[in-house]
2 protein chains.
Amino acid sequence: MTDARIAHPALAARRMPADEAAALIAPGMTVGMSGFTGAGYPKAVPQALAQRILAAHGRGEAFGLRILTGASTAPELDGALAKVGGIDFRLPYQSDPELRARINAGLIEYMDIHLGQVAQYAWFGFLGRIDVAVIEVAGILPDGRLVPSTSVGNNKTWLDLADKVVLEVNRRQPPGLDGMHDIYYGTALPPERKPIPLLHPGDRIGEPYLKVDPAKVVAVVETDGPDRLGRFAPPDETSRRIAGHLVEFFRHEIRAGRLHEHLLPLQSGVGNIANAVLAGLREGGFGGLTAFTEVIQDGMLDLIGEGIIQTASATALSLSPEGVERFVRDIDTYRKRIVLRPQEISNHAELVRRLGCIAMNGMVEADLYGNVNSTHVAGTSIINGIGGSGDFARNGFLSCFVTPSTAKGGAISTIVPMVSHVDHTEHDVAVLVTEQGLADLRGLSPKQRARQVIAHCAHPDYRPLLQDYFDRALRDSRGKHTPHLLNEALSWHQRYLDTGSMKP
Amino acid sequence: MTDARIAHPALAARRMPADEAAALIAPGMTVGMSGFTGAGYPKAVPQALAQRILAAHGRGEAFGLRILTGASTAPELDGALAKVGGIDFRLPYQSDPELRARINAGLIEYMDIHLGQVAQYAWFGFLGRIDVAVIEVAGILPDGRLVPSTSVGNNKTWLDLADKVVLEVNRRQPPGLDGMHDIYYGTALPPERKPIPLLHPGDRIGEPYLKVDPAKVVAVVETDGPDRLGRFAPPDETSRRIAGHLVEFFRHEIRAGRLHEHLLPLQSGVGNIANAVLAGLREGGFGGLTAFTEVIQDGMLDLIGEGIIQTASATALSLSPEGVERFVRDIDTYRKRIVLRPQEISNHAELVRRLGCIAMNGMVEADLYGNVNSTHVAGTSIINGIGGSGDFARNGFLSCFVTPSTAKGGAISTIVPMVSHVDHTEHDVAVLVTEQGLADLRGLSPKQRARQVIAHCAHPDYRPLLQDYFDRALRDSRGKHTPHLLNEALSWHQRYLDTGSMKP
Ligand SMILES: CC(C)(COP(=O)(O)OP(=O)(O)OC[C@H]1O[C@@H](n2cnc3c(N)ncnc32)[C@H](O)[C@@H]1OP(=O)(O)O)[C@@H](O)C(=O)NCCC(=O)NCCS
Ligand SMILES: CC(C)(COP(=O)(O)OP(=O)(O)OC[C@H]1O[C@@H](n2cnc3c(N)ncnc32)[C@H](O)[C@@H]1OP(=O)(O)O)[C@@H](O)C(=O)NCCC(=O)NCCS
């Protein structure tokens with residue numbers, strides 16, 4: 001009994017309820033799942049699996065899994081499995097509150113890794129055997145090829161490497177997705193690798209479908225539910241000011257002849273500020289733009305719809321419910337302008353460098369010398385993970401990091417003497433932006449950078465404190481290349497832990 | 001009056017003494033010089049320039065320069081200019097004691113930058129205008145093309161971008177260098193970039209000569225002096241044990257099917273330990289190897305000479321006086337096996353990733369969680385710089401860092417609770433090796449990594465102290481993803497500054 005969504009007879013015959021599919025997954029297995037920033041994750045099997053784990057725990061049996069995905073998923077996957085204590089190990093990115101709480105309580109081992117490197121790490125054998133892949137797709141073609149869903153992520157890799165495959169066919173995903181993807185099957189292991197033949201963000205170098213060996217498919221589960229994504233806040237004054245500083249900087253670079261008026265392919269990180277920056281580009285009158293990025297959020301979708309961004313490459317659509325509506329309404333237009341790729345291609349060092357992306361990412365904090373923390377609160381609690389920020393910051397044309405100058409109502413300065421965790425080193429950070437202003441760190445020594453960061457990025461409440469630290473470090477530091485007072489360098493964070501505020 | 005070394009008539013006519021050439025360089029200028037790890041730097045003009053600066057200072061005139069090179073040079077360049085206070089700003093790498101002392105005294109602004117990114121940074125306009133290039137070459141052809149010297153570094157970029165060019169023709173460099181270089185002229189600015197057509201370490205994708213617009217050449221200075229390089233210590237017991245652990249690990253990876261018996265292209269860092277690791281590969285019976293690396297030191301030259309390494313790509317020859325003798329004696333053999341390239345190609349992210357280099361670099365210290373400091377003593381004094389270690393560690397197949405487990409006779413543990421400066425983040429470090437053993441960090445969470453590092457890398461004197469820190473951090477840390485006690489995390493370094501030892 002095939003239909004348009006499940007058109008391959010043998011696979012149609014492997015349809016079963018989610019709980020039967022979940023029963024094929026045993027304790028201790030490594031499971032590669034689909035899902036990238038809340039898009040295209042399996043909706044049914046992880047929840048059925050959570051039930052199964054709960055029952056096993058009820059019987060006093062151990063049942064933990066190693067869960068690998070594309071990036072973050074949603075409560076139906078990470079939340080459900082974390083809540084029942086079903087995850088022993090997790091990579092490469094997460095943002096679910098239940099999961100995060102357990103990681104930071106020390107109950108789940110989490111490995112943070114560049115999103116562009118996960119696939120090759122698996123192929124190298126560095127992540128061990130992949131027992132099962134659980135992958136959401138939008139449909140199965142008569143020949144068994146798969147129409148990818150709203151994210152591609154690491155699906156190609158999990159499908160290729162896993163011993164067994166469980167497919168979730170989600171009838172809610174728009175049929176119009178068919179043709180939007182570009183799955184590159186030309187990767188190889190060294191020493192057999194060849195150049196990746198992509199020259200422009202919109203180039204199609206692969207095929208629209210994922211392949212799977214039908215003999216490996218042990219279950220096909222039907223679902224009919226939306227990706228669960230929150231709404232974006234309308235840009236507030238802080239975000240608008242950050243966006244304004246960046247847009248002004250781009251204008252300045254165009255006047256100086258260092259940027260073309262169509263800029264270079266944009267990479268825009270996750271979150272509200274990223275959305276606001278894109279809105280700022282529209283208001284600033286930019287056009288003829290392209291994007292080579294990881295996720296397409298509402299803000300970017302708008303610019304693509306309006307033709308301000310002409311072509312966008314990404315690995316996932318991370319849209320609000322309203323964004324999904326707009327997307328489905330004009331899907332034939334979007335299909336001409338959007339290419340969804342595996343994350344090893346969307347974030348590939350070779351391509352980010354060749355195309356010369358303008359990388360714009362959120363951060364937790366930066367220090368005087370331009371080191372950036374994207375992941376940890378006070379050095380110890382992880383928020384989400386590094387995601388693709390390193391893939392783009394290291395290899396792009398311009399590496400920009402943005403944040404409000406304070407957090408938690410002013411109790412935290414996001415500009416600190418020394419960051420409590422480093423995700424992007426001084427060598428990989430060109431521009432820092434807060435609502436206070438923009439520090440252009442290109443071509444500067446550490447001390448020159450410190451002066452820019454204090455003057456342009458720090459909040460006025462913290463600026464004198466930073467200046468005082470820098471002055472005293474200049475005077476008393478053993479080495480004066482990167483002046484620091486080691487017994488004070490992390491004291492702001494300690495004070496925040498002790499008193500709830502970084503203010504003395 | 002042309003001869004075999006200076007065969008272009010118009011350029012031969014621009015011969016002049018070094019002091020006349022130095023007189024063409026004015027205060028405040030940005031000067032791009034040749035030189036990479038003590039090879040192929042100009043021998044005469046910088047010293048004449050130092051005299052000129054000294055005289056100006058004697059007259060009470062300011063005279064400082066911005067000096068950009070390939071990497072480190074020698075006393076005749078960095079030492080001479082630093083000593084007279086002639087350097088205001090320096091990038092991208094240095095190792096001269098006079099220069100380093102002034103940087104750490106806060107007298108010279110130094111920018112540390114990935115060696116593979118310097119050229120594009122200059123082309124992007126991020127380093128400002130390049131006023132003069134001072135480049136050592138081995139000869140000038142009748143048509144004005146230049147035979148590069150013992151290093152290529154950023155010479156192509158400085159020659160292309162500088163307003164004026166000063167050439168030093170060094171008659172001491174072996175004529176047999178002719179044909180060893182491969183200068184790729186296919187780079188471009190985005191959005192015009194194309195794939196770099198290199199598939200194997202030995203591929204030649206360019207031409208053997210550097211080009212220069214003869215109209216820009218304002219001076220040709222003749223010199224006749226050797227590159228000034230120190231001798232290597234014969235591998236000591238510590239280096240041999242480090243090498244042994246790595247070789248054993250490679251064997252293990254071959255047995256596990258993750259590495260081929262010919263390994264993958266080797267990148268080997270600077271210093272004595274790197275030399276020892278190569279010797280270890282020979283003793284371990286390896287053969288059919290290749291290298292895609294930055295510098296060729298004596299240890300690698302030996303393996304190339306013996307045919308154990310069949311092909312080696314680098315940007316510089318960093319040889320001891322004895323190494324130079326061996327090199328010159330068998331230069332026709334070496335020319336078939338060695339390709340010297342611009343450093344933007346030898347260290348290019350695209351190529352390091354495609355070829356899948358095995359990166360082996362020295363480090364200053366590593367912490368429990370696998371973050372690596374390659375540059376700073378106690379967070380504030382720079383040693384040399386990050387060099388190419390990031391180009392290879394981030395993009396290679398395997399990223400290994402090596403160090404003795406202690407420094408300064410045991411007063412310093414190179415394994416610490418938290419590194420005092422981060423050059424390579426937890427995301428970029430796969431393997432840590434000391435003489436104590438090897439920690440394989442692939443696929444591990446921070447806490448899993450800490451257990452490996454303590455067990456395998458720490459010195460027995462410091463192991464209980466590290467275990468105690470980790471245990472207390474596990475108990476008392478606010479977040480338990482990356483457990484830390486912020487008021488203790490850098491206390492080992494502070495204790496070293498206060499007492500001369502990290503021991504309590
Ligand atoms: C850094 C990052 C967390 C910022 O996210 P955001 O949505 O722009 O920023 P927010 O201001 O909402 O901050 C998120 C949370 O961190 C907190 N926070 C921000 N800065 C902080 C700081 N310096 N110290 C402590 N907490 C901080 C905020 O208060 C907020 O907490 P809450 O949810 O409890 O209110 C986010 O950009 C991220 O995960 N980046 C890494 C991955 C990445 O860059 N991906 C894109 C690659 S394509
Ligand atoms: C890290 C690096 C300095 C180690 O160099 P090395 O020659 O292998 O190591 P050494 O053990 O001789 O250490 C060099 C100096 O640093 C000191 N040192 C080493 N570890 C230290 C530590 N943890 N704290 C303080 N000092 C330390 C040594 O005592 C020595 O000082 P000395 O010259 O006064 O005796 C060197 O590898 C480097 O500069 N790396 C960065 C660049 C790079 O990796 N380039 C290769 C890319 S292709």
Side-chain angles (χ1 to χ4, degrees), chain A residues 103-106 109-114 124-128 190-191 193-195 197 199 258 264 349-350 353-356 371 376-382 386 390 394-395 397 420-423 425 427 442-445 447-448 477-484 486-487 489-490 493-494 497, chain B residues 103-106 109-114 124-128 190-191 193-195 197 199 258 264 349-350 353-356 371 376-382 386 390 394-395 397 420-423 425 427 442-445 447-448 477-484 486-487 489-490 493-494 497:
Chain A
I103 292 171
N104 287 323
E109 301 300 324
Y110 168 65
M111 183 188 178
D112 195 30
I113 161 173
H114 301 296
F124 291 165
F126 295 175
L127 301 179
R193 285 182 173 165
K194 303 275 180 300
L199 300 181
R258 286 187 291 263
L264 280 165
E350 173 176 338
R353 167 109 175 216
R354 181 179 306 145
L355 298 176
N371 300 285
H376 283 68
V377 173
T380 64
S381 304
I382 193 140
I386 192 169
R394 169 70 64 91
N395 296 300
F397 170 82
S420 58
H421 183 90
V422 179
D423 295 290
T425 70
H427 318 91
R442 294 173 299 169
L444 300 185
S445 73
K447 292 189 289 294
Q448 294 171 328
S477 177
R478 173 76 64 98
K480 301 194 197 305
H481 173 60
T482 306
H484 265 306
L486 294 186
N487 46 14
L490 298 173
H493 300 87
Q494 186 64 48
L497 293 177
Chain B
I103 291 171
N104 287 323
E109 301 300 324
Y110 168 64
M111 183 189 178
D112 194 31
I113 160 172
H114 301 296
F124 291 165
F126 295 175
L127 302 178
R193 286 183 172 163
K194 302 274 179 299
L199 301 180
R258 287 187 290 264
L264 282 166
E350 173 176 338
R353 167 110 175 213
R354 181 180 306 146
L355 298 176
N371 300 284
H376 283 67
V377 173
T380 65
S381 304
I382 193 140
I386 191 167
R394 170 70 64 90
N395 296 300
F397 169 81
S420 58
H421 184 88
V422 179
D423 295 290
T425 69
H427 318 91
R442 294 172 299 169
L444 301 185
S445 73
K447 293 189 289 294
Q448 294 172 327
S477 177
R478 174 75 64 96
K480 301 193 198 308
H481 174 59
T482 306
H484 266 306
L486 294 186
N487 46 14
L490 298 172
H493 300 87
Q494 186 63 50
L497 293 178

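Every chain is numbered from 1, with letters handed out A, B, ... down the list of sequences. Predicted model only: the values in this text are computed from it and were never measured.
- Across B/His421, B/Gln448, B/His114, the residue that shares the most heavy-atom pairs under 4.5 angstrom with chain A is B/His114.
- Heavy-atom pairs under 4.5 Å with chain B were tallied for A/His481, A/Arg478, A/Lys447; the largest tally goes to A/His481.
- A/Leu355 touches chain B through its backbone: at least one of N, CA, C or O sits under 4.5 Å from a heavy atom, while the side chain does not.
- Shortest non-hydrogen contact noted between B/Asp112 and A/His427 is OD2-NE2, 3.0 Å.
- Here the NE2-OG1 distance, from A/His484 to B/Thr380, works out to 8.5 Å after rounding to the nearest 0.5 Å.
- Nearest heavy-atom pair, B/Phe397 versus A/Phe126, reported as atom, atom and distance to 0.1 Å: O-CE1, 3.4 Å.
- Between A/Asn104 and B/Lys480, every side-chain heavy-atom pair lies at or beyond the 4.5 Å cut-off.
- In terms of heavy-atom pairs under 4.5 Å with chain B, the best-connected choice from A/Pro195, A/Ser381, A/Gly125 is A/Pro195.
- Using a cutoff of 4.0 Å between basic side-chain nitrogens and carboxylate oxygens, B/Glu350 and A/Arg353 are not scored as salt-bridged.
- Across B/Asn371, B/Leu486, B/Thr425, the residue that shares the most heavy-atom pairs under 4.5 angstrom with chain A is B/Leu486.
- Residues meeting the salt bridge (charged side-chain N to carboxylate O under 4.0 Å, His left out) test with B/Arg442, sequence neighbours left out: B/Glu253, B/Asp440.
- Chosen from A/Gly128, A/Ser420, A/Ser445, A/Pro483, the residue pairing most often with chain B at heavy-atom distances under 4.5 Å is A/Ser445.
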Any chance you could lay out the side-chain hydrogen bond (donor to acceptor under 3.5 Å, both in side chains) test for B/His376 and A/Thr482, step after step, and finish with the verdict?
CA-CA 9 Å; B/His376 283 67; A/Thr482 306; 2.7 Å; yes
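- Interface remark: B/Leu497 contributes backbone and side-chain atoms alike to the contact with chain A (heavy atom separation under 4.5 Å).
- Of the two parts of B/Ala105, only the backbone, made up of N, CA, C and O, holds a non-hydrogen atom closer than 4.5 Å to a non-hydrogen atom of chain A.
- Judged purely by atom type and a 3.5 angstrom limit, B/Arg394 has no side-chain atom pairing as donor or acceptor with the backbone of A/Arg394.
- Heavy atoms only, all atoms of each residue included: A/Leu444 and B/Met111 are closest at O-CG, 3.4 Å.
- Atom-to-atom distance recorded for A/Leu490:CG and B/Leu490:CG is 5.0 Å, nearest 0.5 angstrom.
- For B/Arg354 against A/Pro190, the heavy-atom pair with the smallest separation is O-CB, 3.8 Å.
- Across A/Leu127, A/Ile382, A/Asn395, the residue that shares the most heavy-atom pairs under 4.5 angstrom with chain B is A/Ile382.
- In this structure, B/His493 has no ring pair (Phe, Tyr, Trp, His ring centres under 6.0 Å) partners at least two apart in sequence or on a different chain.
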